[in-house]
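So the structure is just underneath, and the comments pick up after that.
Computed over heavy atoms, backbone and side chain alike; hydrogens, waters and symmetry mates excluded. Read the numbers this way: they start at 1 and go in the same order the structure lists the ligands and their atoms. Note that the coordinates shown come from a computational prediction; the quantities given were computed from them, not determined experimentally.
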Amino acid sequence: MFEPCDCGSGQTYIGCCGRLHSGTPARDAEELMRSRYAAYCRGNVAYLIKSWASETRPPSLSLDASQVWTGLTIHRHEMTGPDTATVRFTARWRQGKKAGRLTETSRFRREGPGWVYVDGDVG
Ligand SMILES: [Zn+2]
């Protein structure tokens, strides 16, 4: 069965963000960003915590199950240094009868074999 990835890449989940969720390091910040979006879609809190920089990581995270993520658009992926990058994206959501979008420029850092999310500016 073809299970499309939540991040909208057009690939299968297993061949896309599923690989990262099961331990393959992200090759770049955009790949990590996509995998974190897919983790929000799937309620994968453990992955969200693991892919968060230790100094900005929340001690715990509870997701609102009534908020459904409905799409991701990546606007820009930019290296800002040898080991740092930003990704600007819009994520769309629905909650009951309400719908909205979140646009953020997120900062990422290379760490070990992969990347971690540091923080972001909304808007
Ligand atoms: Zn994906």
Side-chain angles (χ1 to χ4, degrees):
M1 194 191 85
F2 182 80
E3 187 193 4
C5 194
D6 310 279
C7 79
S9 63
Q11 301 178 58
T12 62
Y13 167 69
I14 295 297
C16 186
C17 297
R19 286 182 304 116
L20 278 70
H21 294 170
S22 53
T24 303
R27 282 180 298 232
D28 58 31
E30 181 178 333
E31 207 176 63
L32 187 81
M33 165 62 225
R34 288 179 173 280
S35 73
R36 285 177 52 84
Y37 172 82
Y40 274 104
C41 294
R42 290 167 178 263
N44 188 343
V45 171
Y47 182 81
L48 291 168
I49 297 283
K50 189 178 137 235
S51 60
W52 214 310
S54 54
E55 74 275 17
T56 52
R57 174 192 295 166
S60 67
L61 184 66
S62 59
L63 301 181
D64 185 344
S66 68
Q67 188 175 34
V68 179
W69 295 94
T70 55
L72 173 70
T73 305
I74 304 275
H75 303 296
R76 196 168 61 238
H77 169 214
E78 208 166 26
M79 293 296 293
T80 52
D83 296 313
T84 54
T86 58
V87 177
R88 183 166 173 79
F89 67 92
T90 298
R92 290 172 294 284
W93 54 267
R94 204 169 47 228
Q95 190 164 28
K97 290 188 166 66
K98 283 190 301 178
R101 55 182 60 209
L102 164 77
T103 298
E104 182 179 310
T105 302
S106 298
R107 280 179 285 277
F108 297 87
R109 181 175 72 219
R110 198 193 300 272
E111 206 170 274
W115 286 79
V116 291
Y117 169 72
V118 180
D119 56 14
D121 298 320
V122 173

Quiz prompt | Under-2.8 Å protein N/O/S neighbours of the Zn ion (ligand 1), ordered by chain then residue number | solution = Cys5 SG, Cys7 SG, Cys16 SG, Cys17 SG
Quiz item: Can the ring centres of Tyr117 and Trp52 be said to be less than 6.0 Å apart?
Solution: yes
Quiz item: Who are the side chain to side chain donor-acceptor pair (under 3.5 Å) partners of Asp6, not counting sequence neighbours?
Solution: Arg42
Self-check item: Qualifying residues under ring-ring contact (aromatic ring centres under 6.0 Å, His included), relative to Tyr13, sequence neighbours excluded
Solution: His21
Quiz item: Does the pair Glu31/Arg19 count as a salt bridge with the N-to-O cut at 4.0 Å?
Solution: yes
Quiz item: With Arg36, which residues qualify under salt bridge (charged side-chain N to carboxylate O under 4.0 Å, His left out), at least two apart?
Solution: none
Practice problem: For Thr105 and Thr86, test the side chains for any donor-to-acceptor distance below 3.5 angstrom and give the result as yes or no. | Solution: no
